[in-house]
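Worksheet: one structure, shown below.
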Protein chains: 2
Amino acid sequence: MKNLPDKTVERLCQYRRSLNNQLAAGKTHIFSHEIANLLHITSVQVRRDIMLIGHSGTLRKGYDIKEMVKLIGKIIDTKEGQRIAVIGMGNIGKAFIHYLYEKRSKLKVVASFDVNPDKIDKTYADVYCYHLDRLKEIIQKEDIKIGIITTPPMVAPEVCENLVTAGIKGILNFTPKPLSVPDEVYLEEYDMITSLEKVAFFVKHNE
Amino acid sequence: MKNLPDKTVERLCQYRRSLNNQLAAGKTHIFSHEIANLLHITSVQVRRDIMLIGHSGTLRKGYDIKEMVKLIGKIIDTKEGQRIAVIGMGNIGKAFIHYLYEKRSKLKVVASFDVNPDKIDKTYADVYCYHLDRLKEIIQKEDIKIGIITTPPMVAPEVCENLVTAGIKGILNFTPKPLSVPDEVYLEEYDMITSLEKVAFFVKHNE
DNA sequence: TTAGAATTGTTAAAAATTTAACAGATAAGT
DNA sequence: ACTTATCTGTTAAATTTTTAACAATTCTAA
């Protein structure tokens with residue numbers, strides 16, 4: 001189950017969320033075209049993704065939602081759950097902690113970091129905030145494998161380097177500053193302003 | 001200059017930001033491979049993108065940074081600037097307003113909305129917060145063309161519908177709830193948790 | 001019980017995106 | 001001046017991602 005296309009992995013996460021909603025609404029089975037409608041993609045794509053993860057639906061009945069959620073979980077989650085740190089307790093950092101707190105997933109934020117004395121040694125949604133100086137120490141002590149960088153862009157490269165030397169395995173960079181990591185570390189970058197500029201571009205060119 | 005590939009548009013935004021940084025650092029010209037290194041892509045891709053927008057560099061000297069910034073601006077920005085509303089003044093909403101406030105770009109947040117009385121009728125980074133009930137009225141009065149939805153997921157579809165009937169042209173949806181819009185409205189969706197789960201997946205499968 | 005409609009699973013085709021290849025041009029060094 | 005390095009610009013190839021096409025299967029209902 002290793003070589004899933006990047007895009008399929010993304011969609012699997014989305015499927016799972018939608019499926020969980022459906023489950024909560026009392027449904028037990030779902031058709032490919034229903035999933036497709038929920039996510040605004042095509043049913044072919046849904047079926048293809050499901051094929052790729054080796055799952056099967058039953059004809060004229062669709063896919064068993066519980067089973068799919070379980071299977072996607074097996075593919076994406078680890079048994080023990082993954083331990084995460086948030087570096088930078090500004091708005092975005094807080095938003096992440098808040099989301100994950102409510103969500104009760106296998107992804108747990110177990111530490112946060114900042115340099116602002118008003119934030120250090122407090123807890124936000126059960127997550128303790130340490131001084132940035134203690135980054136390596138805590139990452140290693142708490143066996144944290146994933147870091148979310150939500151600091152001001154200026155300091156992001158340094159934070160990134162420290163995360164890497166502390167032994168982190170994956171980084172989600174929310175600052176607009178592009179980062180560098182060695183091959184064995186997975187890096188995902190996202191920049192809100194680029195998203196917005198993209199919208200602006202297409203709005204402009206639709207007129 | 002209309003039919004640029006989606007991905008090229010994204011990269012142009014990133015080029016511009018990096019180029020502005022270089023400008024601030026005193027550089028006047030830059031090679032394709034330098035841009036590539038800044039953004040962790042290949043120089044071929046940079047040259048190809050630049051070709052697509054009809055710009056030319058000078059051999060052995062590279063691209064004139066100021067010119068490129070200007071050209072990208074012409075492609076992405078509108079002359080008058082674009083007027084934006086943020087709906088939902090939680091952490092993410094605030095983060096957007098804060099970013100754009102500092103950035104002094106052609107994208108201006110001119111109104112925000114919430115239902116929390118503590119937030120309504122206050123201003124945050126010069127942006128006034130209205131009650132959600134006044135959405136249509138203000139959107140139209142203020143000639144707002146782009147909406148950023150950062151509400152709780154539950155209410156996102158309703159907000160979306162109201163934005164559309166108010167005549168908005170582009171929506172950036174930051175809630176995990178997928179939305180539907182008519183063809184003439186551009187919709188960009190982003191979900192932080194999916195990004196994080198993707199990182200988690202690749203971390204798991206690299207071990 | 002047979003025809004028809006609905007739905008999955010899969011292979012093949014198409015479209016989008018990235019990467020490679022390389023010709024052409026310029027500067028620098030000899 | 002000549003050679004070599006370096007860069008750009010562009011076409012072609014490769015890869016990735018999406019979409020189409022369709023056989024096979026199951027349910028429904030006449």
Side-chain angles (χ1 to χ4, degrees), chain A residues 1-15 19 22 27-65 67-68 71-72 178 183 187-189 194 198 201-202 205, chain B residues 1-15 19 22 27-65 67-68 71-72 178 186-189 194 198 201-202 205:
Chain A
M1 199 56 49
K2 208 159 171 171
N3 297 341
L4 291 175
D6 225 80
K7 292 292 174 65
T8 295
V9 173
E10 255 175 55
R11 281 192 298 266
L12 287 176
C13 299
Q14 291 164 359
Y15 296 162
L19 291 173
Q22 296 301 304
K27 285 192 81 159
T28 63
H29 290 74
I30 194 164
F31 295 128
S32 61
H33 65 260
E34 292 179 299
I35 300 180
N37 287 341
L38 288 170
L39 298 176
H40 309 115
I41 56 179
T42 68
S43 62
V44 193
Q45 196 155 54
V46 174
R47 291 203 299 281
R48 214 174 182 294
D49 286 336
I50 293 177
M51 185 188 84
L52 288 176
I53 64 174
H55 186 66
S56 283
T58 45
L59 247 170
R60 307 227 66 195
K61 214 177 161 190
Y63 301 93
D64 182 304
I65 299 181
E67 268 183 41
M68 266 198 72
L71 178 54
I72 296 177
D183 283 348
L187 173 66
E188 170 91 9
E189 311 206 272
T194 295
K198 212 170 122 191
F201 173 85
F202 285 106
H205 289 80
Chain B
M1 199 58 47
K2 209 160 169 169
N3 296 343
L4 292 175
D6 225 81
K7 292 292 174 67
T8 295
V9 173
E10 253 174 60
R11 281 191 299 265
L12 287 176
C13 300
Q14 292 164 358
Y15 296 162
L19 291 173
Q22 297 301 305
K27 284 192 82 160
T28 63
H29 289 75
I30 194 164
F31 296 128
S32 60
H33 65 261
E34 290 178 299
I35 301 181
N37 287 343
L38 288 171
L39 299 175
H40 308 117
I41 58 181
T42 68
S43 64
V44 192
Q45 196 154 56
V46 174
R47 290 202 302 277
R48 215 173 181 294
D49 287 335
I50 292 176
M51 185 188 83
L52 288 175
I53 63 176
H55 185 67
S56 283
T58 44
L59 249 168
R60 307 228 65 192
K61 215 176 162 192
Y63 302 93
D64 182 303
I65 299 181
E67 268 184 39
M68 267 198 71
L71 178 55
I72 296 177
Y186 182 83
L187 173 65
E188 169 92 9
E189 311 207 270
T194 295
K198 213 168 121 193
F201 172 85
F202 285 106
H205 289 81

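Order of the sequence lines sets the chain letters (A, B, ...), proteins ahead of strands, with each chain counted from 1. Basis for what follows: all heavy atoms, side chains included, without hydrogens, waters or symmetry-related copies. What you see is a predicted model, and the numbers here were worked out from it, not measured in a lab.
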For this session: Please list, in 5' to 3' order, the outermost nucleotides of DNA chain C lying under 4.0 Å from any heavy atom of chain B.
Result: C:dT17 to C:dA27
For this session: Identify the nucleotide, in any strand shown, that forms a Watson-Crick or G-U wobble pair with C:dT26, with both distances under 3.5 Å; if there is none, say none.
Result: none
Exercise. Just how far, in rounded Å, is P of D:dT16 from CD of B:Gln45?
Worked result: 14 Å
Problem set entry | B:Asp49 CG to B:His55 NE2 distance, which is reported to the nearest 0.5 Å | 13.0 Å
Exercise. For every nucleotide of nucleotides 3-10 of chain D, 5' to 3': is a protein heavy atom under 4.0 Å from its base (B), only from its sugar-phosphate (S), or from neither (-)?
Worked result: --BBBBBB
Seminar exercise, completed: Checking N1-N3 plus N6-O4 or O6-N4 for Watson-Crick, or N1-O2 and O6-N3 for wobble, each under 3.5 Å, the partner of C:dA16 is D:dT15
Exercise. Do A:Asp6 and B:Lys198 sit within salt-bridge range, that is, some charged N less than 4.0 Å from a carboxylate O?
Worked result: yes
For this session: Return the set of residues passing side-chain contact (heavy atoms from CB on, under 4.5 Å) with B:Glu189 (not counting sequence neighbours), or none when no residue passes.
Result: A:His40, B:Asn173, B:Pro178, B:Leu179, B:Leu187
For this session: Could you tell me the separation between the CD atom of B:Glu67 and the CG atom of B:Asp64, rounded to the nearest 0.5 Å?
Result: 4.0 Å
Exercise. Syn or anti: how is C:dA20 classified when any glycosidic angle within 90° of 0 counts as syn?
Worked result: anti
For this session: Whole angstrom is fine here: how far is it from CD1 in A:Ile41 over to P in D:dT17?
Result: 14 Å
Exercise. Is the shortest heavy-atom distance from the side chain of B:Leu12 to the side chain of B:Leu4 under 4.5 Å?
Worked result: yes
Exercise. Between the main-chain N or O of A:Thr42 and the side-chain N or O of A:Gln45, is there a donor-acceptor pair closer than 3.5 Å?
Worked result: no
Seminar exercise, completed: Atom NZ of A:Lys7 and atom C1' of D:dT15 are separated, to the nearest Å, by 13 Å
Exercise. Does a side-chain heavy-atom distance below 4.5 Å link B:Gln22 with B:Leu38?
Worked result: yes
Seminar exercise, completed: Taking every heavy atom of B:His29 against every heavy atom of B:Gly62, the minimum-distance pair comes out as CD2-O, 4.4 Å
